[in-house]
S.K.: 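Shown below is the structure under consideration.
Counting convention: from 1, in listed order, for ligands and their atoms alike. Heavy atoms only: backbone and side chains are in, while hydrogens, waters and symmetry mates are out.
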Amino acid sequence: MREAGSAGPVRMGVVTKGISLRYGARTVLDQVDLHLKKGEVITLLGPNGCGKTSLLKVINGLLPPSQGEVYVDGKHTARMGQMELARLMGYVPQNQRQSFPFTALDIVLTGRMPHLSVLAQPGAADVEKAQRALDMVGALHLASRPYTQISGGERQLVIIARALAQEPSFLLLDEPTSSLDFKNQVSVLKMINRISKEEAVTVIMTLHDPNHAMMFSDEIVLLRRLLPHEELSRGVLSHHQNVIASGKPHEVMTPENIRTAYGIDVEVLEVHGKRILFPL
Ligand SMILES: Nc1ncnc2c1ncn2[C@@H]1O[C@H](COP(=O)(O)OP(=O)(O)O)[C@@H](O)[C@H]1O
Ligand SMILES: [Mg+2]
């Protein structure tokens, strides 16, 4: 099998080719070319408004790009149906709200939807898969608790379990730690890393904290916000694109790249053999 329009072998994982995204007259993403490799934990990192959420939505087919194509395991996503994509990609949007007191298990069961035919009810096998997903994230004890009565950290686990109940090959998480305290941030990121390896799920997530990104990612894509005047001359110069660097954390997270992304100076320190960024 070959990728459409290329002579090379299929590249497993997610490939974006020349992705640009405009909201009205505003260009948010410009010529994003990435290969997010299968089996890895990949973090999209960058300042507020640089387009992380938008890129995640383009990757999972929720948002059609203004230009360019996305390939998942060599398949052009524009030619795939919503259900086919949903079976392949579990998506955890930021800040899930839910006002009806469904139990945690009911919420996770809705993750089975892409596997059910139109009018089918979830069966015993679906319930088992939902329970297994809760167990994977260490939240089986919450199964019968109303979602409205559990903590923010617990909700995040349940929502991740819902995406896992889809049995996706790719797990897309938008700021999975944003509403969590210090301890829960680290435990959710460790859990995501463990599941990625144990279940052979490719993780593509967005994070706010560069140090978390360095600690918990196999690869980082560092983005910056396009400035309005750059949008006018888009495509002319390579440095007008918004991917600053992508690759191994130590290659991407250099003081120079961080300055380009965030406009601040940092020093890279080594602690217990791990690198951290220290703002100056
Ligand atoms: N539906 C929309 N309509 C218009 N502008 C949008 C829309 N969604 C996002 N934007 C703008 O696009 C830019 C990138 O947004 P987003 O992808 O949410 O960035 P991030 O997740 O990195 O904070 C922001 O300036 C935001 O205001
Ligand atoms: Mg966002």
Side-chain angles (χ1 to χ4, degrees), residues 14 16-34 36 41-70 77 82 85 89-97 152-153 155-156 159-160 162-163 170-180 184-185 188-189 192 203-214 216-217 219-235 239-246 249 252-253 257-264 266 277 279:
V14 173
T16 70
K17 280 192 184 168
I19 291 292
S20 298
L21 180 74
R22 289 185 279 281
Y23 291 113
R26 202 167 153 226
T27 300
V28 170
L29 297 172
D30 192 17
Q31 298 177 60
V32 176
D33 290 300
L34 295 171
L36 310 177
V41 174
I42 301 131
T43 298
L44 311 178
L45 186 73
N48 287 331
C50 70
K52 302 179 293 296
T53 297
S54 301
L55 182 54
L56 219 49
K57 286 183 181 170
V58 167
I59 288 172
N60 76 0
L62 280 179
L63 207 57
S66 311
Q67 266 165 41
E69 297 117 49
V70 178
T77 56
Q82 271 304 324
L85 259 177
M89 294 194 159
Y91 176 52
V92 180
Q94 204 184 337
N95 294 333
Q96 283 284 294
R97 296 205 197 292
R155 281 183 200 186
Q156 193 62 5
I159 293 300
I160 294 172
R162 175 172 70 179
F170 297 84
L171 183 60
L172 277 57
L173 303 149
D174 200 358
E175 296 194 18
T177 58
S178 62
S179 59
L180 306 181
N184 279 318
Q185 287 181 10
V188 163
L189 289 169
I192 289 167
V203 171
I204 304 171
M205 64 180 166
T206 73
L207 290 178
H208 252 311
D209 185 330
N211 283 320
H212 282 167
M214 285 212 288
F216 296 106
S217 318
E219 303 228 330
I220 295 176
V221 178
L222 184 63
L223 298 148
R224 69 186 184 111
R225 232 185 123 106
L226 288 178
L227 303 170
H229 72 272
E230 291 175 313
E231 294 169 16
L232 296 173
S233 56
R234 61 180 171 264
H239 67 259
H240 285 170
Q241 295 159 5
N242 46 347
V243 174
I244 297 167
S246 70
V252 171
M253 302 296 276
N257 286 343
I258 296 294
R259 196 179 316 116
T260 308
Y262 295 95
I264 60 160
V266 297
L277 296 182

S.K.: Any side-chain heavy-atom pair from Asp209 and Thr177 closer than 4.5 angstrom?
M.R.: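 Not in contact.
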
S.K.: Can you list the ligand 1 atoms lying under 4.0 Å from a non-hydrogen atom of Ser54?
M.R.: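 With Ser54 as reference, the close atoms of ligand 1 come out as 15 (O), 16 (P), 17 (O).
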
S.K.: Is there a donor-acceptor contact under 3.5 Å from the side chain of Asn211 to the main chain of Leu277?
M.R.: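 Confirmed, Asn211 side chain pairs with Leu277 backbone.
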
S.K.: Do Val188 and Leu180 have side chains that approach each other closer than 4.5 Å (heavy atoms only, starting at C-beta)?
M.R.: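 A side-chain contact under 4.5 Å exists here.
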
S.K.: Using a 4.5 Å cut-off on heavy atoms from C-beta on, say whether the side chain of Met253 contacts that of Asn257.
M.R.: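 They are not in side-chain contact.
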
S.K.: Of all the non-hydrogen atoms in the protein, which one sits nearest to atom 13 (C) of ligand 1, and at what distance?
M.R.: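 In this structure, atom 13 (C) of ligand 1 has Gly49 O, 3.6 Å as its nearest protein heavy atom.
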
S.K.: So, taking the atom named NE2 in His208 and the one named NZ in Lys52, what distance separates them when rounded to the nearest 0.5 Å?
M.R.: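 One gets 5.5 Å once the value is rounded to the nearest 0.5 Å.
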
S.K.: What protein heavy atom sits nearest atom 18 (O) of ligand 1, and how far off is it?
M.R.: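 Checked against all protein heavy atoms, atom 18 (O) of ligand 1 sits closest to Thr53 CB, 3.6 Å.
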
S.K.: Answer yes or no as to whether an N/O/S atom of Thr53 is found below 2.8 Å from the Mg ion (ligand 2).
M.R.: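 Yes - counting backbone and side chain alike, Thr53 has an N, O or S atom under 2.8 Å.
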
S.K.: Using a heavy-atom cut-off of under 4.0 Å, does the side chain or the backbone of Asn48 touch ligand 1, or both, or neither?
M.R.: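 Backbone only; the side chain of Asn48 stays clear of ligand 1.
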
S.K.: Hey, does Gly46 sit under 4.0 Å from ligand 1 if you only count heavy atoms?
M.R.: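 Judged by the 4.0 Å heavy-atom criterion, Gly46 does not count as contacting ligand 1.
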
S.K.: Only one of Val266, Leu45, Ile220, Thr43 forms a side chain to side chain contact (heavy atoms under 4.5 Å, CB included) with Pro210, so which one is it?
M.R.: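 Among the candidates, only Leu45 passes.
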
S.K.: Assess Glu175 for proximity to ligand 1: is some non-hydrogen atom of it under 4.0 Å away?
M.R.: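 So Glu175 does not count as touching ligand 1.
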
